[in-house]
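Heads up, the thing below is written out as structure tokens.
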Amino acid sequence: MAQFTPSGKSDDCVTEGCDETSGLVVCFGELLIDFVPTVGGVSLAEAPAFKKAPGGAPANVAVGISRLGGSSAFIGKVGADEFGYMLADILKQNKVDTSGMRYDSVARTALAFVTLRADGEREFLFFRNPSADMLLRESELDYNLIEKAKIFHYGSISLIDEPIKSAHLAALRIARDSDCILSYDPNLRLALWPSAEAARDGIMSIWDLADVIKVSEDEITFLTGSDDPYDDNVVLNKLFHPNLKLLIVTEGSEGCRYYTKDFKGKVGGVKVKPVDTTGAGDAFVSGILYKIASDPSIFKDEKRLQKALYFANVCGAITVTDRGAIPALPTKDAVMQFNAK
């Protein structure tokens, strides 16, 4: 397996290609308010206070790409309420195209309380019964926006409930017919699914459609039925499918592994002092999708792919040094300065 270790020089992989022109990445799914404890290492019940932060994995990715200098849009639904309008404004301030956003006059914008406990476990508490993001209908989709995308990115939370599930599947058909690169981050949130079996079946139901998939070690264990997430044979035999251009396994501060039809390897991680890991995976996805949108042939060149994955690793590392997801996502300048240290 090929190994990649960056030199750490400022003119290395992170700064290479500074004049890239990036194709449009359309992100589909949930946009919500994360409430994060003002102190680290406590349970939700122990938290003395919470800091409000915009969140939702697909929206985080859209902002992350825009912050890096790319072109992104978000398709999803929020409540016609103060939180919903605030979230739309935050996307606009970050130069994300919001023409595909819709507003629900009855359901509220979703809320999620999230913490990283002292034992290292993430803890989530969701308020969505139903929330506006679950109620996006197929008839509300912006077809033209999807058709313009170079990459269509999505998760699995939008597969749990109707009508958003039907809207998601319709959007996938449009994107596929438009020759978009389909990017899938399952982003497992077991508490939102009716059962573990439903989660596994739902996530895998669209698995074979994707061109690019990002999974974590925990998600491999869950999706394969407790198999060793570090075993290449498990990944290749159970998760790699014939249509895949790139499968990425993230390993937090240890970096990531990559698998294509022609090669596989590992890219080392970046060590930082973590404050809050919320949004780190989304920052990583932003980094790699930004690079793919700038260079769609990257799947065929292992060296360029390794450099792009290291860039994504740095994006994730910077994000864990601040609280919240969107507030902590890096700009391209921040990534370049980080690598120059």
Side-chain angles (χ1 to χ4, degrees), residues 1-27 61 64-65 67-72 149-153 175-176 178-185 207-216 232-233 235-236 239-251 254-270 281-318 330 332 335-336 338-340:
M1 176 180 267
Q3 295 279 339
F4 174 76
T5 305
S7 71
K9 296 176 183 176
S10 61
D11 62 349
D12 197 17
C13 49
V14 169
T15 56
E16 214 168 73
C18 293
D19 297 324
E20 296 155 317
T21 54
S22 191
L24 177 65
V25 182
V26 172
C27 301
V61 171
I65 289 166
R67 287 251 181 103
L68 292 170
S71 174
S72 67
K150 181 167 283 186
I151 300 174
F152 183 72
H153 176 72
R176 203 176 187 198
S178 304
D179 294 324
C180 296
I181 294 170
L182 302 184
S183 165
Y184 187 20
D185 176 4
W207 194 264
D208 289 353
L209 297 177
D211 299 297
V212 178
I213 296 176
K214 190 276 290 186
V215 288
S216 67
D232 285 345
N233 291 325
V235 175
L236 290 169
L239 297 179
F240 199 91
H241 66 74
N243 298 323
L244 258 182
K245 292 181 169 68
L246 175 64
L247 176 63
I248 306 166
V249 180
T250 53
E251 300 179 352
E254 297 302 313
C256 64
R257 284 174 281 150
Y258 58 89
Y259 303 84
T260 73
K261 291 184 181 72
D262 301 318
F263 45 75
K264 62 183 180 180
K266 179 177 172 67
V267 174
V270 181
D282 301 330
F284 176 93
V285 172
S286 301
I288 192 60
L289 292 187
Y290 166 73
K291 288 293 189 179
I292 293 170
S294 307
D295 181 11
S297 65
I298 204 168
F299 309 112
K300 298 173 184 175
D301 186 317
E302 187 169 14
K303 187 160 281 190
R304 290 211 313 276
L305 178 61
Q306 288 174 334
K307 290 180 177 181
L309 289 168
Y310 179 69
F311 178 92
N313 282 345
V314 173
C315 291
I318 293 173
K332 190 165 187 179
V335 178
M336 291 165 67
F338 182 94
N339 200 53

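FYI, side chains are in, hydrogens and waters are out, and symmetry mates aren't considered; it's all heavy atoms of this structure. Just so you know, residue 1 is the first one in the sequence shown, and it goes up from there.
Note that NZ of Lys261 and CG of Leu244 are 7.0 Å apart. Values are rounded to the nearest 0.5 Å. Cys256 contributes atom SG, which lies 11.5 Å from atom OH of Tyr310 (distance to the nearest 0.5 angstrom). The CG atom of Asp185 lies 8.0 Å from the OG1 atom of Thr250; values are rounded to the nearest 0.5 Å. Atoms CG and CZ, from Asn313 and Phe284 in turn, are 5.5 Å apart once rounded to the nearest 0.5 Å. Interatomic distance, Lys266 NZ to Glu254 CD, rounded to the nearest 0.5 Å: 6.0 Å. Atom CG of Asn243 and atom CG of Leu209 lie 8.0 Å apart (nearest 0.5 Å).
The side-chain heavy atoms of Leu246 and Leu305, taken from C-beta on, include a pair separated by under 4.5 Å. In this structure, the side chains of Arg257 and Lys264 stay at 4.5 Å or more apart for every pair of heavy atoms. Taking 4.5 Å as the limit, some side-chain heavy atom of Ile213 sits within range of a side-chain heavy atom of His241. The side-chain heavy atoms of Phe299 and Asp262, taken from C-beta on, include no pair separated by under 4.5 Å.
Across all their heavy atoms, Trp207 and Val215 have their closest contact at CH2-CG1, 3.5 Å. Residue Ser216 comes nearest to Val249 through the heavy atom pair C-CG1, 4.5 Å, listed as atom of the first residue, atom of the second, then distance. The shortest heavy-atom contact between Leu68 and Gly287 is CD1-CA, 3.8 Å. The minimum heavy-atom distance linking Ala293 with Ser22 is given by the pair CB-OG, 3.4 Å. Closest of all the heavy-atom pairs between Ile181 and Pro296 is CD1-CB, 4.4 Å.
Considering Asp211, Ile151, Val61 in turn, Ile151 is the only one that fulfils the side-chain contact (heavy atoms from CB on, under 4.5 Å) rule with Ser183.
Residues forming a side-chain contact (heavy atoms from CB on, under 4.5 Å) with Ser71 (at least two apart in sequence, or on another chain): Leu24. For Asp301, the side-chain hydrogen bond (donor to acceptor under 3.5 Å, both in side chains) partners two or more places apart in sequence, or in a different chain, are Arg304.
Side-chain contact check for Asp295 and Ser297: at least one donor-acceptor pair (N or O, by modelled atom type) lies under 3.5 Å.
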